[in-house]
Amino acid sequence: MEAAALLSPTATSRSPLPLLSTAPAAHRLHVLLPLSGRRRRLCLRSSPRPRGSLGCAGDCVVRSMGSSRERGVLVKTSSSSASVESATQEVGAASSGEWSGDAIRRRFLDFYAARGHKILPSSSLVPDDPTVFLTIAGMLQFKPIFLGKEPRRVPCATTSQKCIRTNDIENVGRTSRHQTFFEMLGNFSFGDYFKKEAITWAWELTTKEFGLPPERLWISVFQDDDEAFSIWHNEVGVPKERIKRLGEDDNFWTSGATGPCGPCSEIYYDFYPERGSSDADLGDDSRFIEFYNLVFMQYNKKDDGSLEPLKQKNIDTGMGLERMARILQKVPNNYETDLIFPIIEKAASMALVSYTTADDAMKTNLKIIGDHMRAVVYLISDGVIPSNIGRGYVVRRLIRRVVRTGRLIGIRGDGHGNSEGAFLPSLAEVAISLSTEIDPDVESRRKSILGELQREELRFVQTLERGEKLLDELLDEALSSAGNNGGKPCLSGKDVFLLYDTYGFPVEITAEIAGERGVIVDMKGFDMEMENQRKQSQAAHNVVKLSVGNETEIVKSIPDTEFLGYDSLSATAVVKGLLVNGNSVNVVSEGSDVEIFLDRTPFYAESGGQVGDNGFLYVYGEEDAKQKAVIEINDVQKSLGNIFVHKGTIKQGSVEVGKEIDAAVDAKLRQGAKAHHTATHLLQSALKSIIGSETSQAGSLVAFDRLRFDFNFHRPLSEEELMKIESLVNQWVSSATHLETKVMDLQDAKNAGAIAMFGEKYGEQVRVVEVPGVSMELCGGTHVSNTAEIRGFKIISEQGIASGVRRIEAVAGDAFVEYVCARDNYMRRLCSSLKVKAEDVNGRVETILEELRTTRNEVSSLRSKIAVLKAASLANKATTIDNTRVVVENMGDVDADGLKSAAEYLVDTLEDPAAVILGSSPGDGKVSLVAAFSPGVVKMGIQAGKFVGGIAKLCGGGGGGKPNFAQAGGRKPENLPGALEKARDEIVAAISSKSS
């Protein structure tokens, strides 16, 4: 059902694309929902929903795990198209020609506008709701109203909402109804009207406005919803045999463990009414398609699972536009409607094929292109830029799938005569032309959309051919190996990772290509390679080496470490194990580096981007309480679950397994980490506020003296934006807001709006850190108790580190004070040197720079004049070779500009034909060369650019230019004399050969 899909949260697995069902197990996303005391699963899997409900163009449903309704019929397009087409001949009074997609949309919106609904625009595909990855349902923009978090703005509304769902991407093109991008038409009531109006209007719209024959319409209702059944039968007139009662799994919507919920009712179109009503199964995709879903929010679910009536009953509906277009336009599938087919036709023409006469495989590929192009155009328009993380990875994967599919069917070139050009912009032009009615902003963003698609395609093509060749070789090897061993052909996780990391192949595309050749992919091995890369990307001191000696046995005997550091910086603990160079020992003496395992600790172990604590461990005598040993701890890491490894050096005495120690964290350093970690949360909120909510975290480092925050964004930030971000963070710091931390169920935390970090893994229970009114994140790190402890925030730098990924480095807390004081000291010294006030420094520096530029120009001019004077004397040294004047000379330390002036003077002074080749060593291990040839020499076929480039190589450099004038450089001044001699010989030989 359409509303249930809202519960898909922002991904929390380490997968960059958590909503893709072909991802490995660790990538798949399942949300467990308690319904009536039982566990339910919102399943984003590859298997299509049997009933044809509004998921993936409506294919996300809440259903019972193991329900018998999971066994449905998967209809192949190739086998069902003809029969469905014959079944769509009787659609109603209106002809299919009247029903364009735009006309259906307008009719729907106008119908409800005439009944008091406010027509509201589609919201962005990048939702404001941080618990939802992409906009997946029409009611998403109204979720806060339905949940009672915001007051209603209007009594009732109607929209046509852009939606993206990628959980069934592998079914796109292969079934008649699965899409990644679709439009959801909806009418919504916020306590205004309820069940009777919703049902009667839905029937009137369907049968009167759209003209669907009543005898072809079937209804489903919740099994206990006698009211809805009565309205459908007694007031609307639907025969009882065409009203199906379905269970909680299919026809009851809930927003979570508690809160608003209610039954729903759905309208189905019957392609084969002649089959009768006996034993009719609404889950038969070959016969039925659900096109309209009505959700009746009439209850509040309490903590004990009981239901109580809501004071304000709400209505949420969804009609799949593409599905209704398929019915009204009498076509066998959603792709052949006028909403998508023009893109398919363009792709077919570029591939030099006809869709009408194409085989099933070709049609499937063309449908994939048509669907995905719509998706990427709207995603990029809404600010989602291709990248390797988060939403950007969704776009990148879809783009690369189109590129590979297009090349597979024979598309080459941009369609405008450039065989090496990108073809995606040509397809995007068609998608953009279809966008006017749903999102006029797409047209205004045409240039940026086309540019982004061109860049992404050309980047991918650069590695695609090499990657495809390697993949073919790897698949051949897997098939050959399986043939020899009698096993099943399998592509190793290491090879899959190589294709992903080096050649940019999304793992899903690799799996798809491998599957086409009957080769399985080792996704578990791929996950391990990804995890290894994540660990190796950290600094060397972050790596815990537990790979040699007897450490396996010691770790088996050590329980998880109890962390006390949220509440205390000191504690008494017992040494449970010691490692030296990876080997387990019982005693470690002074001067040794050691890894120490404790039963409990106040030390924070590195995780979530925050570095591990520093501090000391102390061992005291049992009788005299004198200090016996001191161990300096310089890093703490987690290993094998929740075991903390304290890495340090024995500064005094010895430490022994089983002994009691006192652990003390360096309070000053911990405070620095706390200030920077909370500042990082504030920075992320400020970024979303200033540059847009589409930005998302791509990584972070929280150190004692600085923070580093990587985020997904497509361009550099302006100075004005950086100032606004910095100002906003400091405003929050000065507000002295108390932080709130609590432990919650993971799903409850997400429902409350907590942001999860992509790539992090979370358990059932999570810690939520909230700066009320500013930020709420899932975070296990340490934080200040009040924002005032941060003291101040200063951005040091902002730069790009990868395609679509930016990095901000900043300081806070004591580091902020030290940074500002240091800069103030620099400014005082500068003011003293310049003898001006601080506010006059810029003006004075600009004046000095202008004076310096003027002086440099004067010096350069003088050097050029001196070079010309030297050149004047060289004119008399010119030699004549077959009537051609030749000068080849070393001009000492003359700089490149002076050398150029000298060569120009000589070639103008000497009679044509003339050839001038000059060299110099201006200092700093540099060589300058110039060649100037008169028109007569150029006519001989001797070109300055080619000539001087070869000579420059002798001096360890290169260069070139025009046929009549060229410059070059080098790094070996000691080779200049020999290079000029070589130049003399070659120019003489060249002139002589041309003259003869």
Side-chain angles (χ1 to χ4, degrees), residues 1-5 43 47-63 67 69-70 72-75 80 84 87-88 91 104 108 136-139 163 165 167-168 171 175-179 182-187 198-199 202-203 205-207 210 212-223 225 228 232 236 238 242-247 249-253 263-273 275 277 280-296 316-328 332-334 337:
M1 64 188 69
E2 191 263 353
C43 187
S47 57
R49 183 185 180 188
R51 287 182 27 243
S53 91
L54 297 177
C56 196
D59 212 45
C60 281
V61 297
V62 176
R63 61 187 175 200
S67 167
R69 294 197 62 79
E70 290 190 30
V73 180
L74 174 61
V75 182
S80 64
V84 172
T88 56
V91 176
I104 296 170
F108 184 97
I136 55 176
M139 65 89 79
C163 297
R165 295 183 193 164
N167 50 293
D168 280 323
N171 288 323
T175 71
S176 62
R177 60 184 174 81
H178 285 91
Q179 299 155 239
F182 59 96
E183 286 185 60
M184 191 65 77
L185 305 172
N187 55 287
I199 290 174
W203 185 258
L205 172 71
T206 302
T207 59
F210 291 140
L212 297 188
E215 63 273 15
R216 283 185 176 267
L217 301 181
W218 288 64
I219 308 299
S220 72
V221 297
F222 177 54
Q223 59 191 9
D225 193 354
W232 281 116
V236 174
V238 179
R242 293 212 309 274
I243 305 176
K244 293 283 188 178
R245 291 182 184 265
L246 300 178
D249 304 336
D250 300 304
N251 277 62
F252 195 90
W253 177 82
C264 63
S265 182
E266 298 155 324
I267 307 178
Y268 293 78
Y269 184 79
D270 185 358
F271 290 108
Y272 294 102
R275 294 182 182 177
S277 58
D281 179 10
L282 296 181
D284 182 355
D285 281 357
S286 66
R287 177 176 177 180
F288 297 103
I289 185 171
E290 178 204 347
F291 63 88
Y292 205 178
N293 180 35
L294 317 176
V295 177
F296 312 123
D316 158 33
T317 78
M319 174 185 285
L321 175 60
E322 291 81 4
R323 296 187 178 202
M324 181 56 81
R326 170 192 172 187
I327 296 169
L328 292 175
N333 54 69
N334 295 0
T337 66

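The model shown is predicted, which means the values in this text are computed figures rather than measured ones. One-based numbering along the sequence shown.
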Sequence neighbours excluded, the answer for side-chain hydrogen bond (donor to acceptor under 3.5 Å, both in side chains) partners of Arg245 is Asp226
Is there side-chain contact between Pro263 and Asn251, with at least one heavy-atom pair below 4.5 Å?
no
When Ile267, Leu205, Thr206 are each screened for side chain to side chain contact (heavy atoms under 4.5 Å, CB included) with Leu212, the one that passes is Thr206
Sequence neighbours excluded, the answer for side-chain hydrogen bond (donor to acceptor under 3.5 Å, both in side chains) partners of Ser265 is Trp232
When you compare the side chain of Asp316 with that of Trp253, does any pair of heavy atoms fall below 4.5 Å?
no
Stepwise side-chain contact (heavy atoms from CB on, under 4.5 Å) test for Phe296 and Ile199
CA-CA 10 Å; Phe296 312 123; Ile199 290 174; 3.9 Å; yes
Between Ser176 and Pro332 the two heavy atoms that sit nearest each other are CB-O, 3.8 Å
d(Glu290 CD, Arg323 CZ) to nearest 0.5 Å is 6.5 Å
Answer yes if the ring centres of Phe222 and Phe252 are under 6.0 angstrom apart, and no otherwise. yes
* Hey, does Phe108 have a side-chain heavy atom less than 4.5 Å from the side chain of Asn187? -> yes
Query - Residues Asp250, Lys244: salt bridge by 4.0 Å N-O rule - result: no
Output for pair (Leu321 CG, Phe291 CZ), nearest 0.5 Å, gives 13.0 Å
* To do: Would you check if Ile289 and Arg326 make a side-chain contact, meaning some heavy-atom pair closer than 4.5 Å?
  => yes
Residues Leu246 and Ser220: closest non-hydrogen pair is CD1-CB, 3.7 Å
dist Glu183:CD -> Met324:CE (nearest 0.5 Å) comes out at 13.5 Å
Given 3.5 Å as the limit, does a donor-acceptor pair link the side chain of Arg242 with the main chain of Leu217, or not? yes
Heavy atoms of Arg216 and Phe271 approach each other most closely as NH1-O, 3.4 Å
Correct closest heavy-atom pair for Leu294 and Ala198 would be CD1-O, 4.0 Å
Here the gap from Phe288 atom CZ to Tyr269 atom OH, rounded to the nearest 0.5 Å, amounts to 11.5 Å
Taking the side chain as every heavy atom from C-beta outward, state whether Asn334 and Phe182 have any atom pair closer than 4.5 Å. no
On a heavy-atom basis, the closest approach of Ile219 and Leu282 is O-CD1, 4.4 Å
Nearest heavy-atom contact between Met184 and Gly320 is SD-N, 3.9 Å
Original post:
Do Tyr272 and Ser286 touch side chain to side chain, with heavy atoms closer than 4.5 Å?
Top reply: no
Rounding to 0.5 Å, atoms CZ (Arg287) and CZ (Arg275) come to a distance of 6.5 Å
